[in-house]
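Worksheet: the structure to be examined is printed underneath.
The basis for the numbers below is simple: all heavy atoms, side chains too, and nothing from hydrogens, waters or symmetry mates. Bear in mind the structure is a predicted one, so any value in this text is a computation, not a measurement.
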There are 2 protein chains.
Amino acid sequence: MGKNLRLKAARAAKDMSQKDLADAVGVTRQTINAIENGDYNPTINLCISICKVLGKTLNDLFWEDDQSGE
Amino acid sequence: MGKNLRLKAARAAKDMSQKDLADAVGVTRQTINAIENGDYNPTINLCISICKVLGKTLNDLFWEDDQSGE
DNA sequence: ATAAAATGTTAGATATAATTGACATATTAT
DNA sequence: ATAATATGTCAATTATATCTAACATTTTAT
């Protein structure tokens, strides 16, 4: 699995560290790190929580053929 | 958690049974049934597989405040 | 009416998401 | 230089997604 650079960018745009995001959604820093690095397959509820904190949708951060230049 | 009626409707629109969809994405019928009934929290990769089979996006089937008239 | 297919649900097992804790490296300060 | 913060990663544990297998109910046929 590849890295999730859209997630990394959305987090950077909010000036949050991995730990900040982890605390905001109620998981550990290692979990956020693993998701950004594509090391595993989070649950949809966690994805939804992350999206809400970062002001994005599922398609923005986790859908693939989404090359729309907004 | 509430039922996922959008998933149920999208599956019906393809005239697929729960077992048909389960076979198409490589899980069991019970897993599809549990997702439709809101009994748990699937992984994002499974959600993406389901969306692809049904010709929908993550926002279509799993995002919440999605009242956009496309 | 009955047979077949689809769905709902449950118990027990397995795979893996997520945790805790630790350590290393990199970055950004002072 | 060093102190602090952020990130990468790994081993061991816990929580839970998913499986297997079974049985009941509902729906759609014959």
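For C:dG8, the OP1/OP2 oxygens have a side-chain nitrogen or oxygen of B:K8 closer than 4.0 Å. OP1 or OP2 of D:dC19 sits under 4.0 Å from a side-chain N or O of B:T28. Listed pair B:R11 / C:dA6 fails the phosphate criterion, with no side-chain N or O lying under 4.0 Å from OP1 or OP2. Proximity of A:N33 to the phosphate of D:dT7: no side-chain N or O atom is located under 4.0 Å from OP1 or OP2. Contact annotation: B:N37 reaches the phosphate of C:dT9 (side-chain N/O to OP1 or OP2, under 4.0 Å). Between A:T43 and C:dA18 there is a side-chain polar atom (N or O) within less than 4.0 angstrom of OP1 or OP2. In this structure, A:Q18 reaches the D:dG8 phosphate: one of its side-chain N or O atoms is under 4.0 Å from OP1 or OP2. Note on A:T31: a side-chain N or O is less than 4.0 Å away from OP1 or OP2 of C:dT19.
When the nearest nucleotides of DNA chain D are assigned to B:D39 and A:D39 by heavy-atom distance, the more 5′-ward of the two goes with A:D39.
Across all strands shown, B:E36 has no heavy atoms under 4.0 Å from either base or sugar-phosphate atoms.
At whole-Å resolution of the value, CZ in A:R29 and C1' in C:dA26 are 13 Å apart. The distance from atom CG of A:D15 to atom P of D:dA6 is 9 Å, rounded to the nearest whole Å. A:I32 has its CD1 atom 14 Å from the C1' atom of D:dA6, to the nearest Å. When rounded to the nearest whole Å, the span between CG of A:L46 and C1' of C:dT16 equals 14 Å. Computed from coordinates, the A:I35 CD1 to D:dT7 C1' distance equals 15 Å when rounded to whole Å. Put simply, NZ on A:K19 is 16 Å from P on D:dG8, counting in whole angstrom units.
Not a single donor-acceptor pair under 3.5 Å links the side chain of A:R29 to the backbone N or O of A:S17.
Ranking D:dT9, C:dG8, D:dT20 by closeness to the B:Q30 side chain, first place goes to D:dT20. For B:N41, the side-chain atoms get nearest to D:dA17 when compared with the rest of D:dA17, D:dA22, C:dA22.
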Quiz prompt | A:D15/A:D20 under side chain to side chain contact (heavy atoms under 4.5 Å, CB included): CA gap, chis, key distance, verdict | solution = CA-CA 9 Å; A:D15 195 27; A:D20 291 335; over 6 Å; no

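B:R11 approaches B:M16 most closely through the heavy-atom pair NH1-O, 2.8 Å. Across every non-hydrogen atom of B:Y40 and B:I35, the tightest pair is CE1-CG1, 4.3 Å. Heavy-atom minimum distance, A:L61 versus A:N4: O-ND2, 3.1 Å.
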